[in-house]
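Written out below as structure tokens is the structure these notes cover.
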Amino acid sequence: MYNHKEIEQKWQKRWEAEGLNRALDFDSKPKFYCLDMFPYPSGAGLHVGHPEGYTATDIVSRYKRMNGYNVLHPMGWDAFGLPAENYAIKTKVHPDKSTHENINRFREQIQSLGLSYDWKREVDTSSPEYYKWTQWFFLFLYKNGWAYRAKAPVNWCPSCQTVLANEQVIDGACDRCKTEVTQKELKQWFFKITDFAEELIAGLDKIDWPESTKIMQKNWIGKSEGAEIEFLIANCELRIKVFTTRPDTIFGATYMVVAPEHEIIEKLKDKIENYAEIEKYALMSERKTERERLAQEKEKTGLELKGVKAINPANNKEIPIFVADYVLKGYGTGAIMAVPKHDLRDYLFAQKYNLPIVEVIKPCEIRNVSPRLIRLGRKKLKIKNYHKDLAKRDNLKFKNNKEEESVYEDEGVLVNSGEFNGLESEVAREKITEWLATKGLAKKKINYKLRDWLISRQRYWGAPIPIIYCEKCGEVPVPEEDLPVLLPRDVDFMPHGESPLTRSKEFHKIKCPKCGGKARRESDTMDTFVCSSWYFFRYCDPKNAEEFASKKLLKYWMPVDLYVGGAEHTVMHLLYSRFFTKAMHRNGLINFDEPFLKLRHQGMILAEDGRKMSKSLGNIINPDEVVEKYGADTMRMYEMFMGPFEDSIAWNTKGVIGVRRFLEKVWRLGLSLRGATKGSDEARPPRLKRKRLSGQAISSPGKNLENLLHKTIKKIGEDIEHFKFNTAVASLMILVNHMEKEKFAPQHLFELFLKILSPFAPHLAEELWTQLGYKVGDADEGSKSIFAEKWPEYDSRLALEEEVDLVIQVNGKVRAVVQAKADISESEAQKIAMEQEKIKKWIGDKKVRKFIFVHFLRQQSHYLRHLQPGRLLNIVV
RNA sequence: GCUCCCGUGGCGGAAUUGGUAUACGCGUAGCGUUUAGAACGCUAUCCCCAAAAGGGUUGCAGGUUCAAAUCCUGCCGGGAGCACCA
């Protein structure tokens, strides 16, 4: 038994005292910036999920240091946020106090895991030294026209009493408290992220991120290409603009729909005969919550604007105009042309209100071609099987089975479209847009779903927005030299629909910095995501009082080489951080435009019952208890061993014990070596038994171990680079099992083993390293840590086996496995194969048609082959 | 509805540039060690058919190939994100 508590605490203190983990500014070694998503220091303390990502980056950091990199590996606190404030409302403890208590607890817990952070670079977003620069970033965006105040319908959480960003509304409810979100018209601050939509899409191509994350960001930005087309209103000067991705269907537009909030309604007030009714409808839909709207998705409601007609610019026919809440104010122009034959929603609406349905697209007919070509064609032209599609839809949604009355949403060939008949959709889109453009009624247009980022929050525990409203000058930015705008301490932070800051007189009532006149401060604070959109810059130069970070240090350290964190931040934090970086780059502040070159997500760790850990279920695993009972090295290694890094996996205490057993084994082996390094030849180990084969004896055990060690060195390096920590741990276990079986390991081999173990179980590796006397120099002048050692290089010749399994198949079925020299040639292999009794039996008197010979050695990365390289010969008869 | 991901022993998983399916760990059983237990060590362990030789097996059904967990098509099941986006 090894005393993990004693060993781990000893080394944690030593490493910190010796400054082993410091990142050195401007060091000549190549830099490596290895970053974790910094945690929100919640009152619940560290979750077992946190150390998974932290251990992974720690392994990479230690590995990179041993490979000669100058590593920046920092940690800090995303300290502003609602929970601290809500806690304060309940208990009257000031958020500043509770937050700092939480930070201290988090720091202690994180340090108990032996993670190699450079604690001299710690940041805390709630400290004035930090949020001074958050405010500076606000002013930076403001001065470039990328921060503006506007009245807009916004998401309002009645429970948190604050507005929310689009990204913080999940299923129509508040991301934090799950209360149903309502819509409110308010004047709020926005960041102009939409200005960067195109760059935010394009940049994804050049970064090493999980494909699914990239796709999600792309979907969120939601680019669609189409045209903006103007519809004239009959007997009137006014026009209605619509956005469509399908200008090719315009001849089938038999009516129009505008959103209930559309300004045209107000403008046409005098002409609309049923205005009162329309107004009532608009009011009703405004009151609906998101959820009510969603519930009614299938049931379309609407009203005709009586007394006015629009003119379809393609065929000059008069068509009715409706108001309906299935058209959204916020997307496109807030108005659509409805083509019921080729859009399901329009179709459902048209059926309900008996509107004409005109077919203008016919599916392409494909005859006399193989099914495979149709498949290919479908992919290319997006043509689905028309009839099958109809059958499906009809069964599900329509009573009416008549084909010509259902919907066809795909592309095809134009009909009923005047001079454009016969053209394919793709071509017709261009031609029709051009044609309408010559009449001044259309232009090409790209639309995005992405909205500008609403950052105002009517809450206390955040960075104040540095703006002053003067009675004379209006909106005045706080001069940079007056930053930070300090968060006043003595306020009542109970929410009341306005920021608690309005209750602080000294904060609120001030003089205008421009004219000295009467003025008041903006009383809202910023969304905490603003604070976390730039923290990775601060780590480069965390103490700088003149700048958020010096240009030189940014140039040295940025961009982040590896970023690890949960997948829940896919849209919000990662998109916002990219936006900040792109804004700074466009302004010339920095020389790169993507902040995170490589990104990996950790999976969720579930409770032992397979459910999410939660207080109410009482199934939470406390990391402190695991560290106390089994040790930090066990905890670290277990979390790496659980399964693939990005997968969600249930905790299993038995599995933890398994890892602990492994470390005990290493400890015993290490100690047994301490006194037994001399004359180890006498302790001749028993021969290794081949598990699966009865093949001949393999070369001497010592040699065998050396082979395996070099293969393992190679594999550990590759696995760390590829984030395959679970198989890395497995191969360490295999190696140790072999060492134990042979009952000895030459000291020089054990030394190499300790080095490749050290990133995973740093305390144990360091302790054995010193105990076995590898340390250089006096204890007084500081022992030489294993982490100052160079990562071992593997000998590629030793990593190869001399003898391998030759697998012999007959017609693809394994019939024999024999030992053979690794460099066996095809003809030799054939000869050996044909001599095998088993093979002879299987071939019988059938004629051999051909041999297929496969060299596994060409494909070394394959795990199984890596440990048991071989050859395969397939005999086809 | 749209977009994407995933289905391998009793369990977590390994193997996915097509080439010995089930590495490693857990669990289980037997044996050894021990006063006892714990711990440790050894052996066995995918399932089914078969006396054996063999045959079968990676959600299901097909296809391509000398060879498929891996590639293709369809279906079934599970998960994630977006969601009336024109």
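A, B, ... follow the sequence lines: proteins, then strands. Residue 1 opens every chain.
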Mind checking the [atom1] distance from [N] to [M]? Whole angstroms is fine.
N	M	atom1	result
B/G55	B/C72	P	29 Å
B/C46	B/G25	P	15 Å
B/C4	B/G9	C1'	29 Å
B/A67	B/A21	P	14 Å
B/G32	B/A23	P	27 Å
B/G13	B/C26	C1'	10 Å
B/U43	B/C49	P	28 Å
B/G74	B/G19	P	24 Å

Do the side chain of [X] and the main chain of [Y] share a donor and acceptor less than 3.5 angstrom apart?
X	Y	result
A/E608	A/T653	yes
A/N874	A/I852	no
A/H342	A/Y408	yes
A/R636	A/F760	yes

Checking contacts here: which listed nucleotide ([options]) is nearest the side-chain heavy atoms of [X]?
X	options	value
A/K654	B/G27, B/A83, B/A14	B/G27
A/R661	B/C4, B/A14, B/G27	B/G27
A/W220	B/C24, B/U20, B/A83	B/A83
A/I649	B/C66, B/G13, B/C84	B/G13
A/S224	B/A86, B/G19, B/A23	B/A86
A/M216	B/C24, B/C84, B/G81	B/G81
A/L328	B/G19, B/G12, B/C84	B/C84
A/T244	B/A14, B/C84, B/A86	B/A86

Can you tell me the distance, in whole Å, between the [atom1] atom of [X] and the [atom2] atom of [N]?
X	N	atom1	atom2	answer
A/H342	B/C84	NE2	C1'	19 Å
A/M640	B/G12	CE	P	19 Å
A/H262	B/A86	NE2	C1'	13 Å
A/N874	B/G18	CG	P	16 Å
A/K724	B/G13	NZ	C1'	12 Å
A/I250	B/A86	CD1	P	16 Å
A/M642	B/C24	CE	C1'	15 Å
A/F231	B/A86	CZ	P	16 Å

Counting only Watson-Crick pairs (N1-N3 plus N6-O4 or O6-N4) and G-U wobbles (N1-O2, O6-N3), all under 3.5 Å, who is the partner of [N]?
N	answer
B/U3	B/A80
B/C24	B/G12
B/A53	none
B/C71	B/G63
B/U33	none
B/A39	none

Counting the atoms with a prime plus P, OP1 and OP2 as sugar-phosphate, which does [X] contact under 4.0 Å by heavy atoms, base, sugar-phosphate, or nothing?
X	value
A/W651	nothing
A/K841	sugar-phosphate
A/N219	sugar-phosphate
A/Q809	base
A/G658	sugar-phosphate
A/K445	nothing
A/K218	nothing
A/T570	nothing

Please determine if A/K300 forms a cation-pi arrangement with A/Y326, meaning its NZ or CZ atom is less than 6.0 Å from the six-membered ring centre and no more than 45° off the ring axis. yes

Given side chains that start at C-beta, do those of A/W209 and A/Q217 come closer than 4.5 Å, heavy atoms only? yes

If you compare every side-chain N and O of [X] against the phosphate oxygens of [N] (OP1, OP2), does one of them come in below 4.0 Å?
X	N	answer
A/N737	B/G25	yes
A/R849	B/C66	no
A/R815	B/G54	no
A/K813	B/G56	yes
A/N726	B/A14	yes
A/S212	B/G81	no

Base orientation of B/G41, chi within 90° of 0 counted as syn, else anti, reads anti

Qualifying residue for ring-ring contact (aromatic ring centres under 6.0 Å, His included) with A/Y638, from A/W651, A/Y630, A/F725, A/F662: A/W651

Can you tell me which residue among A/K714, A/K715, A/H722 is in a side-chain hydrogen bond (donor to acceptor under 3.5 Å, both in side chains) with A/E718? A/K714

Looking only at non-hydrogen atoms, find the nearest pair between A/D248 and A/I432 and report the distance. CA-CD1, 3.9 Å

Electrostatic pair A/E228:A/K445 at N-O distance under 4.0 angstrom: yes

For A/G812 and A/K449, find the nucleotide of RNA chain B closest to each by heavy atoms; which residue's nucleotide sits nearer the 5' end? A/G812

RNA chain B nearest-nucleotide lookup for A/K850 and A/D647: closer to the 5′ end is A/D647

